[in-house]
Undergrad: 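My structure is below; once you've seen it, I'll send some questions.
As a basis for the values below, the full set of heavy atoms in this structure was taken, side chains included, without hydrogen atoms, waters or symmetry mates.
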Amino acid sequence: MNVPVYPLADWRRHGQLATFTPNRKLPVYNWLYYKEGYARDLVWTLLDRFKLNGPLLDPFCGSGTTLLACAQRGIPSVGYDVQSVALLASLVKTTPYDRDTLKAIADALLSERFVPEPGPVLPIMKRAFSKHNLADVLFWKKQVDQVKNPACRNFFLLALITAAMKGSWLFKDGGVLKVKKRPVAPVKLLFKRTVRKWIKELGTQDLRAPARVVAQDARHIEGRYENVITSPPYLNNIDYTKVYQVENWFLGATGTPIRSWIGNEGKQLPLLKKFDLPYAAHAYFSDMNTVLKEMHKALVPGGRAALVVGNAYFAPLEQHVEVDFILSFLAEKIGFSIEEIGVLQERYALQRRTVKRGTIRESCVMLQRS
Ligand SMILES: C[S@@+](CC[C@H](N)C(=O)[O-])C[C@H]1O[C@@H](n2cnc3c(N)ncnc32)[C@H](O)[C@@H]1O
């Protein structure tokens, strides 16, 4: 492909940090399993390596890793996302809760006696839960919805979502939600355990600066920032509204696709016409170009942005798309200089899930606003 080639730095010792895996062992960070997330230590590494002090923006904040990692380092931050469950997780993880208030509500809530609560559920939920667990979900959702304090209600709602997902037979396989029956604990038990555990974990939350969570499309950025650390959606066909439909159901989301997804609507960017890109990639880069322009506007002169991105392989066309290079090319045209492209990890590009067709990398593109 005819894209300018940028030098790559080897950051592969940070490989796992491009994934959510290390967060799974960290209190508070692991309050919602967000497969698309990255690790706390990636954020801390970037803050140290590039001496970033904020105020900082994550325009695709997902489950709130950047916001919590910044808050723990005393850096104020703002996060945008368009998915309900991501916004909820970001908010709950960065809210300074009073443990005694939560304990008192938990004592009252968890002693409620079970009564069956009918209610509309998504078709997939009937396959994803046993009859008992679905009844538990409906009962506990009704109790949680009645918690008067909105911040505390959010805490219990996120705990219920996490408990319910553990008590379901669902698993996420790439962009597809699958059901596989296996032994699972009762949701009632999982919920009670989760609430008690999280209240204890609040002792390690250690918030030293505020984080603001905003339901906003990253293609429109407001405010001024010193830095951006973010990971936009990858160039693939994962529809977050499908994969997270059950989690979003708890928040009243209907599961219908949100039109604001990056890469949803295709128009060709004149700048990229000369490149041989698959059709779907044009929609993605046209949206990302808008995001880059908005980031440029929002950053102070000299401000830095770190973008964690993954390259793509279009199997039917046997075509590699070097997302890190193309975004760098677009960013340069907008007025950024490319400080470094750090390769975080490489994996095989697979055709029909088995045939290896070279490698694709995940990298961190470091930009500086001129
Ligand atoms: C790769 S994930 C970010 C994960 C995050 N770094 C974490 O650790 O949890 C990308 C996020 O972008 C969000 N997103 C997709 N389109 C968006 C848009 N137009 N504006 C803002 N956020 C969007 C998705 O909901 C998803 O949470």
Side-chain angles (χ1 to χ4, degrees), residues 16 18-25 30-39 60 62-63 81-86 88-89 119-138 140-141 157-191 194 231 233-258 261-264 280 310 312-316 345 347-357 360 362:
Q16 266 238 322
T19 73
F20 194 77
T21 310
N23 286 357
R24 297 190 81 167
K25 292 207 181 90
N30 66 10
W31 282 2
L32 176 80
Y33 174 52
Y34 208 62
K35 207 164 173 265
E36 297 73 19
Y38 48 44
F60 303 97
S63 62
D81 208 288
V82 289
Q83 159 143 263
S84 311
V85 73
L88 178 75
V121 294
L122 300 173
I124 194 168
M125 291 171 71
K126 294 188 180 149
R127 292 192 293 120
F129 293 97
S130 67
K131 243 168 80 185
H132 278 106
N133 269 350
L134 191 57
D136 269 359
V137 164
L138 287 166
W140 288 109
K141 176 155 179 341
L157 197 53
L158 189 66
L160 179 59
I161 292 173
T162 288
M165 297 317 288
K166 278 193 189 143
S168 82
W169 296 317
L170 283 174
F171 71 99
K172 298 176 172 67
D173 184 13
V176 186
L177 210 45
K178 292 190 175 159
V179 175
K180 192 174 176 203
K181 288 196 179 177
R182 61 190 168 92
V184 286
V187 165
K188 174 184 168 186
L189 195 77
L190 291 166
F191 180 50
T194 306
S231 176
Y234 282 16
L235 173 53
N236 52 33
N237 58 2
I238 295 181
D239 177 348
Y240 290 81
T241 46
K242 259 200 203 132
V243 180
Y244 286 94
Q245 58 178 297
V246 176
E247 287 92 334
N248 285 325
W249 170 85
F250 284 83
L251 293 143
T254 56
T256 43
I258 304 170
W261 293 124
I262 293 289
N264 229 14
Y313 177 65
F314 284 74
Q345 63 176 345
R347 53 193 169 79
Y348 289 114
L350 294 176
Q351 202 168 34
R352 281 174 269 114
R353 289 185 164 232
T354 47
V355 188
K356 291 176 187 160
R357 293 282 187 226
I360 42 179
E362 271 180 294

Undergrad: Could you tell me whether the side chain of L138 reaches within less than 4.5 Å of the side chain of F129, counting heavy atoms only?
TA: no
Undergrad: When rounded to the nearest 0.5 angstrom, what is the spacing between NZ in K172 and NZ in K35?
TA: 9.0 Å
Undergrad: Output yes when a side-chain donor or acceptor of S63 lies under 3.5 Å from a complementary backbone atom of Y34, and no otherwise.
TA: no
Undergrad: Looking only at atom types and distance, does a side-chain atom of D173 sit under 3.5 Å from a main-chain N or O of K178, one as donor and one as acceptor?
TA: no
Undergrad: Looking at N248 and Y244, would you say the former's side chain and the latter's main chain have a donor-acceptor pair under 3.5 Å?
TA: yes
Undergrad: Could you check whether any side-chain N or O of T162 sits under 3.5 Å from a backbone N or O of A159, counting only pairs where one atom can act as donor and the other as acceptor?
TA: no
Undergrad: Under 3.5 Å, side chain of N133 to main-chain N/O of V187, donor-acceptor pair present?
TA: yes
Undergrad: Pick one: which of Y234, Y240, F20 meets side chain to side chain contact (heavy atoms under 4.5 Å, CB included) with E36?
TA: Y240
Undergrad: Quick one: does any side-chain atom of W169 pair with a main-chain N or O of R182 as donor and acceptor, under 3.5 Å?
TA: yes
Undergrad: Would you compute the distance between atom CG of L88 and atom CG of D81 and round it to the nearest 0.5 angstrom?
TA: 11.5 Å
Undergrad: Find out whether V137 and V121 are in side-chain contact, i.e. whether some heavy atom of one side chain is under 4.5 Å from a heavy atom of the other.
TA: no
Undergrad: Does the Lys NZ or Arg CZ of K166 fall within the cation-pi geometry relative to F191 - under 6.0 Å from the ring centre and within 45° of the axis?
TA: no
Undergrad: Measure the CZ-CG distance between F250 and L160 for me, rounded to the nearest 0.5 Å.
TA: 5.0 Å
Undergrad: Can you tell me if CZ on F171 sees more than 12 non-hydrogen neighbours from other groups inside 6.0 Å?
TA: yes
Undergrad: Tell me whether the guanidinium CZ or amine NZ of R24 lies under 6.0 angstrom from the six-membered ring centre of Y33 and within 45° of its axis.
TA: yes
Undergrad: Heavy atoms, side chains only, cut-off 4.5 Å: are S231 and F60 in contact?
TA: no
Undergrad: Please round to the nearest 0.5 Å and tell me the distance separating atom CG of D239 and atom CG of L177.
TA: 11.0 Å
Undergrad: Would you call M165 and L170 a side-chain contact if the rule is heavy atoms closer than 4.5 Å?
TA: yes
